Each structure stands twice: as C-alpha cells, then as structure tokens.
2 protein chains.
Amino acid sequence: MDDIAQVTAGLVRLSFRVQEIYARVSERHDLTPVQAKLLCVVADGPRGMADLANHFGVERAALTGLVDRVERRGLAERTAVPGDRRALHVAPTEAGCHAARAFKTEMGEELGKLVAGLSPELREHLGQALAQLVGPGDLGTAMCRP
Amino acid sequence: MDDIAQVTAGLVRLSFRVQEIYARVSERHDLTPVQAKLLCVVADGPRGMADLANHFGVERAALTGLVDRVERRGLAERTAVPGDRRALHVAPTEAGCHAARAFKTEMGEELGKLVAGLSPELREHLGQALAQLVGPGDLGTAMCRP
DNA sequence: TATTGTTATACTCTATAACTATA
DNA sequence: TATAGTTATAGAGTATAACAATA
C-alpha cells in the first residue's frame with residue numbers, strides 16, 4: 001500500500017473517530033449532534049433562520065423543525081428583529097448558553113485526550129498538516145462548521 | 001491559542017470535511033452514507049444481521065430497516081445460513097458489489113485530491129500521526145468502520 | 001433459557017412543494 | 001416580485017419494547 005493510500009485511510013478512520021466523540025459528548029449533555037452544533041453557533045450571537053439554514057447547508061424548512069425542538073427543550077428562542085417584521089433571530093436561552101459552553105469544554109477535553117499520546121514533534125507536524133488541509137481557526141468556530 | 005487547541009480545532013474541521021466528502025460521494029452513487037458503509041462491509045463477505053448491528057453500533061431492529069431499504073433497491077439480499085435456521089446473511093447483489101467498488105474508488109480519489117497539496121514530508125508526518133492516533137489499516141476497511 | 005431476527009411505535013433530521021406575511 | 005419563515009408530506013435512520021422461531 002502506498003503513502004497516499006495509507007494517509008487517506010487514516011483520514012477516514014480519524015473522521016469517524018472524531019464524529020463518535022462528537023456524538024458521545026452531545027449525548028452526555030442530552031443533545032443531538034445537530035442541536036449541539038446549532039447551540040454553538042447561536043451562542044456566538046443570534047442569527048436569522050435563513051442565515052442559519054445557509055450556514056448548515058440545509059433547507060429553511062429543516063431549520064424550522066430544528067429550532068422548534070431546541071425551543072421546546074428551552075435551549076433557544078425566536079426573537080423579533082427590529083426593522084424587518086418578516087425576520088426572526090434565534091438566540092440561546094441561559095440554559096442553552098450553558099449547554100453550549102459545557103459541550104465545547106468537554107469536546108476540547110476529549111480531543112485533548114486523543115492527541116495527548118502524540119509526541120510534541122508529531123503533534124506539531126500534525127498541526128501543520130491540518131492547517132494546510134483545512135485552514136486555521138479556533139475550536140469554538142470549528143465545532144459549529146457545517 | 002496553544003498548540004493542543006490548534007490541533008483539536010483542526011481535527012474537528014477535518015472530520016467535518018471528510019464527512020462532507022463521504023456524503024457527496026455516496027449521493028453521487030445514489031446511496032445514503034449509511035447504505036454506502038453497509039455495502040462496503042458486506043462486499044467483503046456476507047455477514048449476519050446481529051454481527052452487522054454490532055459492527056455499526058446500532059440495534060438489530062435498526063439494521064432490519066437498513067437492510068430492507070438496500071434490498072428494496074436491489075443492492076443486497078438476505079440469504080439463508082446453512083446450519084442455523086434462525087440466522088440470515090446479508091450479501092451484496094451484483095449491482096451492490098459494483099456500487100461498493102465504485103464508491104471506494106471515488107472516495108480514494110477525492111481524499112487523494114485533499115492531501116495532494118501537502119508536501120511529501122508533511123504527508124509523511126501526517127501519516128505517522130494518523131497511524132498513532134487511529135492505528136493502521138487500508139482504505140477499504142477504514143471506509144466501513146462504525 | 002438464550003439467541004436471531006422481525007414488528008410496532010415514536011422521535012430526529014432531512015427534502016420538496018405550497019403557503020403567508022412582509023419588503 | 002423577492003425574501004423570511006412556516007406548514008404539509010414523505011422518507012431515512014435510530015431507539016425501545018414486545019414478539020416469533022430456532023438453538
């Protein structure tokens with residue numbers, strides 16, 4: 001097996017592993033992965049429905065249901081937008097902010113554990129490779145990308 | 001932002017990116033991501049329902065529905081197991097084998113493109129880091145892990 | 001009694017199409 | 001007319017619980 005084949009296989013494995021962690025941490029906070037992503041986004045500032053749908057790459061109708069469910073669970077709420085009576089903003093409640101914060105913290109811890117076994121040099125190299133592959137950015141924003 | 005935070009953020013980004021590719025390639029072959037995973041597994045040899053459910057980490061009842069759908073689409077079929085009249089094996093049809101092969105090939109190509117921009121040294125380092133993080137293994141088996 | 005697989009039911013997530021209200 | 005959001009409907013994927021047949 002050549003060099004590239006080995007790397008690509010590792011990428012797929014790693015991706016599944018990270019998604020497993022994401023799902024497990026979400027569940028531990030009584031959230032679905034999608035709800036966790038949504039809360040992480042709106043915790044950084046209220047957003048409109050169309051804006052959010054675009055951000056997540058889903059239809060507006062799908063977002064209506066998503067927001068319905070987090071709202072029913074008391075984690076977010078729709079608020080009016082001054083100056084445009086059609087529009088709504090989605091903002092986290094106090095509980096939603098808390099959940100988003102806890103989720104992000106725990107994701108950082110779990111991923112930290114994952115890379116803790118790497119030598120400092122290898123971790124440094126990994127960081128360089130990742131920066132080239134997917135660009136820079138902090139964990140907070142990474143967590144809520146599509 | 002420290003070293004580890006940067007790496008963990010990159011891991012999350014990368015994970016989402018790979019999942020996007022997985023979903024896009026699946027769709028291009030008229031499969032859902034889960035169906036693609038299932039076909040990749042059974043293409044390596046027929047497996048029992050309970051075995052598959054365990055492999056994917058889902059309940060047996062969920063697997064019944066999954067297999068119903070791929071069977072309805074003519075991509076796999078349930079076959080009797082000689083020696084145990086309770087058991088069933090899931091085996092790919094000719095069309096299912098073809099879909100699995102095409103899916104794996106295209107995933108390899110897409111992921112190859114993703115890492116093509118890295119310098120040989122960095123790719124080598126990335127390979128080492130991935131091997132330590134998630135172990136070795138070829139793309140075929142990586143593709144159908146949980 | 002334990003295991004294999006299914007059925008019934010319910011929930012989340014998603015898409016498409018048709019709709020309302022506002023700009 | 002175009003945009004923001006919703007409703008209605010359908011389908012995939014999942015879980016739990018109860019069930020059948022076989023070991």
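Just so we're clear, the structure is a prediction, and the values are computed from it rather than from any experiment. Proteins come first, then strands; the chains are lettered A, B, ... in the order of their sequence lines, and each starts at number 1.
- Using bins of under 30°, 30° to 60° and over 60° for the plane-to-plane angle, the ring pair A:H125/B:H125 lands in the parallel bin.
- When each of B:P33 and B:G83 is assigned the nucleotide of DNA chain D bearing its nearest heavy atom, the one mapping closer to the 5' terminus is B:P33.
- Between A:L66 atom CG and D:dG5 atom C1' there is a gap of 14 Å when expressed in whole angstrom units.
- For the strand DNA chain D, secondary-structure stems (runs of at least three Watson-Crick or G-U pairs, all distances below 3.5 Å) span C:1-3 with D:21-23, C:5-23 with D:1-19.
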* Structure fact -> Protein heavy-atom contacts under 4.0 Å, written 5' to 3' over nucleotides 1-11 of chain C as B (base), S (sugar-phosphate only) or - (none), form the string --BBBBB----
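- In summary, the side chains of A:E124 and A:Q128 do present a donor paired with an acceptor at a separation below 3.5 Å, with no hydrogens or angles considered.
- Here the side chain of A:Q6 pairs no donor or acceptor atom with the backbone of B:G127 at under 3.5 angstrom.
- Between B:R24 and B:E27 there is no salt bridge, since no side-chain N of the basic residue sits under 4.0 Å from a carboxylate O of the acidic one.
- With hydrogens and angles disregarded, no donor-acceptor distance shorter than 3.5 Å links the side chain of B:R17 to the backbone of B:L114.
- Neither side chain, A:E77 nor A:T93, offers a donor N or O lying under 3.5 Å from an acceptor on the other.
- Between the CD atom of A:E59 and the C1' atom of C:dT12 there is a distance of 18 Å, rounded to whole Å.
- For the pair A:E27 CD and D:dT14 P, the computed distance is 13 Å after rounding to whole Å.
- Looking only at distances, no side-chain donor or acceptor of B:R47 sits under 3.5 Å from a matching main-chain atom of B:H55.
- Not one N or O on the side chain of B:S15 forms a donor-acceptor pair closer than 3.5 Å with the backbone of B:L11.
- Counting to the nearest Å, the P atom of D:dA12 and the CZ atom of B:F56 are 17 Å from each other.
- For the pair A:Q35 and A:S26, the minimum side-chain heavy-atom distance is 4.5 Å or more.
- Residue B:L31 contributes atom CG, which lies 19 Å from atom P of C:dT14 at whole-angstrom precision.
- Proximity note for B:Q35 (side chain, C-beta onward) versus C:dC13, D:dG13, D:dT14: the nearest is D:dG13.
- Atom P of nucleotide C:dT14 and atom CD of B:Q19 are separated by 14 Å, given to the nearest angstrom.
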